[in-house]
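Step one of this worksheet: look at the structure below.
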Amino acid sequence: MKDFKALLIGQPNVGKSSLLNALVGSKVIISNYPGTTVEITRGEKILGKAKITFEDTPGIYSISDRSEEEKITEKKLFEGAADGAIIVVDSTSLERNLYIVLQILEAQIPVIIALNFVEEAEKKGIKIDHKKLEKILNIPVVPINPLRGKGINELINVTLRVKGIKEDIFSVRYDDDIEKAINKISSKIIQTSLPNRFIALRVLEEDADFYRYLKNKEVIKATKGILSNHPKVSEDISITRYGTAAFIAREVTQIIKLRDKRGDLHEQFDKILLHNIWGPFFTILFFLIIFGLLMFLGNLLQGFLLNLTEGITSYLHTVSPSIIIVILAQALYGLMVGVSIALPYVFLFYLFLGLTEDVGLLARFIVNLETLLKKLGLPGKAFIPLALGLGCTVPAIRATRILSSRKERFYAASFFPFVSCSSRIGIIMGIVGYYGGLFLVFSVYVTLIISALIWAFIVKRVAYIENQPLLLELPSYRRPLMENIITKSWIRMKDFVYLVIPLLAIGGAIYAVLNITGITNIIVEPLSPIAQWLGLPAVTIIPLIFGFLQKDLTGAMLLSVLGSNISTILTPLQIYTFGLVATMQIPCVIALGMLIREFGVKKAVLLTGISIIYGLLFAGLIWRIISIF
Amino acid sequence: MSNRGEVYENNIMSQDVDVIKIVKEDILRIIDEAENKKISLKSIKVKVGVSEVFIFKAVSELKKENLIKFRGNFIELTENGQSRASSITKRHLIIENYFKRTKNKIKAHKAADALEHYISEEVANNIRKLFTLKGSGVPLTKFEIDKEGLIADIMLKDNKLSERIISMGIFPGERIKVINETSNAVIVKVKGKKTALGREIAKGIMVLEYERL
């Protein structure tokens, strides 16, 4: 049995995920926005006695990581046990894509080039001689089209033939002084699996991550003498590497000039979509329309699914009531809420988001909202996790990985109490809207926005958060592949289906047990001062506590403690306060679990605690202020 | 499925092809720069500094292509060789001057040594034009929308950021066009690909107007 592990490497948006799909036919994310492969996806291919494992990695342009997810790729490349790398290369911009190829070859990692978008390049008048590219680099080059399954078998066969690194693969030659400096540093390197030349280059490029391979740092100073003519060595190295890539690209490319009519049209389109005023306007309008559509479509689906589940619950009521049946009915009720209310909403929302991503709009939205987010101290990229948070907070917390520093990530995550996920939208619409009217819904949203601004204002002063400047490739507009979008939406909502919905059932069951045993009353008593502070009846503490377990339970619990004529028991101000305090939190224990996984127990508990206190303080103050008038 | 694998095994010489191309260009330039425009094979060996195998192969290819001729112990350029050498020397000088200019170095230097073989003709020409101009351009943030420009220099403190930008194809000598500006970013088009650059980055990219060159 011969096992082989191949990493799929390449720039963002170059078709790595769709290649993985074509190779192993597994469920993977394919995306048109730089940086959606947050977790490494893998797939296996078994051919007779041989097993090849393909691993997808987050897109990189070069070994110059700027976010945690890019670090994942580098770790996999340099520390992982990969036998080789398949670098997916975009034929429409060969020289830019060859940069990373040359850099990985410097690390002496066996490389196969998968040449993607060949047809697209030919339409643009670019013809690539892949045989010549093979000869120059002395590595295999396979033209592919993952969407049509072209070149896939050949790629697998070539992968099977890879046997370590060849000695005579292409390597970039730098100028004499740099070469001397490389030799000098090479002699002072601790023995590792990485080639000395590669480490020496990274050291010369001032990549501090590689200093640990040096026997002593004195050698860096020693090279300064040799490099007196290179005040910016690192830049000269990148320029030479890029120049080499450009040279190779020129050697193998034949350009038949065709006028790029579509490109011109897209440019005009971008002029409007990225306009200083129109850009943000259209972005916000677009999301408002999506929300409108969601409410409409969600309602349709919800009605349909509720009818389906109602049959089962009404049957349970006809059975003689025993404790078991009551518990079961409550559990089923919780499950029903999740399946029929939240599920359609989350799925549709992620479907729309996936669509904007694959069409190429999402990158434009990020640019448009950068100014706004920057005022909050967040980078433009933070739009992705925040937008995902409008569906479900759990995958959104994970998506903060696309941000560059841990501090930035944690700060972005601290906004999730203000970004209502589907369950919290359920409270706002189902409770506040249903019993209090649209004006109250609007007020809750406005208050959430204001409280988020105040939060940002405070935190920015306490913790100095440095944002990396925006650097984002705008992918060309592409026709989306529905299949990919559906798979992607599914992957994103997996957490919701497998973790959040079961929790709803468990929560419902626990509630029934507590009710039967009368424990609920014991909980209410000591916590009544909180209800007092919020100006709410003491029993509302129960739905709020359950809300911490799972937000979808809040509405159901409120109904069961107060009865169905809430509007006569609670004043509009109380409904508003209840809605506010129930939403302004980390939404559920699963989200807390995800926070723990991503940031550690201490930070997760800190954030959850602070957000609860902040929400309580804010809601308590607001109703007092309003009652003055 | 294919015999690609076998193609590979038979292709041991591929790297050499490239080395020989470089050595050939070096030899032509060295003869061009030599006193009386002639040089012995021994001096070539010293100056080029690669293994003899490559030099012999390069010299025999140059001879076959009628670019050099032997006169006694010395090698000279033919007419064709001279014109080829001039263009190589010119390219070398262009890049050398470019480095001198941007890196503020008085001493002539071989920074261009490796790069000259690789840089495209167009980029080399653009660099030459950059060299003949005064000043180093304006930051991208001050550059007019829809005008073709030439990237004159990248001046950023963060090395990883510079590398990222260069690897994305934003490179001195390359043509650039500003498509749009938002309050926080400059949208540029380089080689048909659009990129949004934050103002902090755009400020560090120096651009010259293309028509003026």
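Because the structure is predicted, anything quoted here is derived from the model rather than measured. Side chains are part of it too, since the values below use all heavy atoms of this structure and drop only hydrogens, waters and symmetry mates. Note on naming: letters A, B, ... go to the chains in the order of the sequence lines (proteins, then strands), and numbering restarts at 1 for each one.
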One should read off an interatomic distance between B:K194 NZ and A:H266 NE2, to the nearest 0.5 angstrom, of 7.5 Å
Q: Would you indicate whether the side-chain heavy atoms of B:L197 and A:L471 approach each other to under 4.5 Å?
A: yes
Of the listed A:I237, A:I60, A:D207, A:I156, the one with the largest count of heavy-atom pairs under 4.5 Å with chain B is A:D207
Cut-off 4.5 Å, heavy atoms of chain A, and the answer for B:K203 is neither
Could you walk me through whether B:I166 and A:I239 pass the side chain to side chain contact (heavy atoms under 4.5 Å, CB included) test, one step at a time? CA-CA 7 Å; B:I166 290 167; A:I239 288 180; 3.9 Å; yes
Given B:S162, B:S167, B:G198, the one with more heavy-atom pairs under 4.5 angstrom with chain A than any other is B:S167
Test side chain to side chain contact (heavy atoms under 4.5 Å, CB included) on B:I187 and A:D270; report intermediate values, then the result.
CA-CA 9 Å; B:I187 320 291; A:D270 268 343; 5.9 Å; no
Determine whether B:I179 and A:K271 make a side-chain contact, defined as any pair of heavy atoms from C-beta on separated by less than 4.5 Å.
-> yes
dist A:N368:CG -> B:N184:CG (nearest 0.5 Å) comes out at 11.0 Å
Scored by heavy-atom pairs under 4.5 Å with chain A, the best of B:T182, B:I145, B:N180 is B:N180
Interatomic distance, OH@A:Y242 vs CD1@B:I170, rounded to 0.5 Å, equals 9.0 Å
Whatever's closer than 4.5 Å to a heavy atom in chain B on A:Q103 counts as side chain
Pair count under 4.5 Å, heavy atoms only, with chain A: among B:R199, B:R164, B:E200, highest is B:R164
- Query: Can A:E70 and B:K160 be counted as an ion pair, charged N to O under 4.0 angstrom?
  - Reply: no
Honestly, the part of A:S234 sitting under 4.5 Å from a heavy atom of chain B is side chain
Looking only at A:A249, A:S238, A:S93, most heavy-atom pairs under 4.5 Å shared with chain B are made by A:S238
Between B:A185 and A:V367, the two heavy atoms sitting closest are CB-CG1, 4.3 Å
Closest non-hydrogen contact found for B:L161 with A:P469 is CD2-CG, 4.2 Å
Okay, A:E205 and chain B: the region with an atom under 4.5 Å from a heavy atom over there is both
Output yes when A:D90 and B:K193 qualify as a salt bridge under the 4.0 Å nitrogen-oxygen rule, no when they do not. yes
Residues B:E163, A:R241: salt bridge by 4.0 Å N-O rule:
yes
